[in-house]
Amino acid sequence: QAKETPHDEL
Amino acid sequence: MNFFRLLGDLSHLASILILLHKIKTTRSCRGLSFKTQALYVAVFITRYLDLTYRWVSLYNFVMKLFFIGSSCATLYLMRYKYCPTHDPSIDTFKIEYLVGPCAILALIFNYKFSVSEVLWSFSIFLESVAILPQLFMLQRTGEAETITTHYLAALGIYRAFYIPNWIYRYFTEGVVDPIAIVAGIAQTGLYLDFFYVYFTKVMQGEKFELPA
């Protein structure tokens, strides 16, 4: 199952 | 943070510095697509809205500010300071064909149907195709200044470095970001023709020229 995407990339 | 992502970010940073250097030293934005640069402003602003409400790290914060600031500065330089050197008659790609489909894709493919998440998806999709007006222009003129090709190469390589980063993150952290991965692979794919000419000609000291 997918983790919540943290959007920690640029 | 891992080695590949750092290399990617540094490459991205380098591309912008090369771009600004080109504009400043040649006092011209000849050969650059204003439309592509405008799309990057849209990409950075829609993606980095989270600057205002989420703290990731100092690195992340500074880079985001730099990308928004430098893309706006580039647009300013092209629009006002070196405006006469920009030739709109060859920068004719219709960006509606990019923005519209990206907006639709973002509404369909997103991690959560919220304003910030849809805008984030939109920025990822838009970034993957934002270079098209520039490549289209290059195709039309058939040649480019060497410094401009260095800019494009650094910009293209940046997303390519993210691909091993995603593979690495999958194995070490179990993180998978399918939207970014698919768009990132597509984005890198758009550069393949350019890379071919860049590595076989420009890196050998020849001028960037497309076969007629």
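What you see is a predicted model, and the numbers here were worked out from it, not measured in a lab. In what follows, chains carry the letters A, B, and so on, assigned in the order in which the sequence lines appear, proteins first and then strands, with residues in each chain numbered from 1.
- In this structure the side chain of Y59(B) reaches within 4.5 angstrom of the side chain of L10(A), judged on heavy atoms.
- Within 6.0 Å of CE in M1(B) there are more than 12 heavy atoms belonging to other residues, nucleotides or ligands.
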Exercise. After noting the C-alpha distance and the side-chain angles of R169(B) and D8(A), does the key distance pass the side chain to side chain contact (heavy atoms under 4.5 Å, CB included) rule?
Worked result: CA-CA 12 Å; R169(B) 293 194 78 178; D8(A) 58 355; 2.9 Å; yes
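- Atoms CE and CD, from M63(B) and E9(A) in turn, are 12.5 Å apart once rounded to the nearest 0.5 Å.
- Proximity to chain A is limited to the side chain of Y48(B), based on heavy atoms less than 4.5 angstrom apart.
- Contact annotation for F66(B): neither backbone nor side-chain heavy atoms come within less than 4.5 Å of a heavy atom of chain A.
- Open room surrounds OH on Y168(B); 12 or fewer heavy atoms of other groups in view lie less than 6.0 Å from it.
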Exercise. Is there a side chain to side chain contact (heavy atoms under 4.5 Å, CB included) between H7(A) and E117(B) once you walk through the steps?
Worked result: CA-CA 10 Å; H7(A) 294 333; E117(B) 284 296 314; 3.0 Å; yes
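- When heavy atoms are compared at a cutoff of 4.5 Å, W55(B) does not approach chain A at all.
- Shown here is Y196(B), whose OH atom has no more than 12 heavy atoms of other residues, nucleotides or ligands within 6.0 Å.
- Around the OH atom of Y97(B), the shell of radius 6.0 Å holds no more than 12 heavy atoms that belong to other residues, nucleotides or ligands.
- Heavy atoms of N60(B) lying under 4.5 Å from chain A belong to its backbone as well as its side chain.
- More than 12 heavy atoms of other residues, nucleotides or ligands shown are found within 6.0 angstrom of CG on N2(B).
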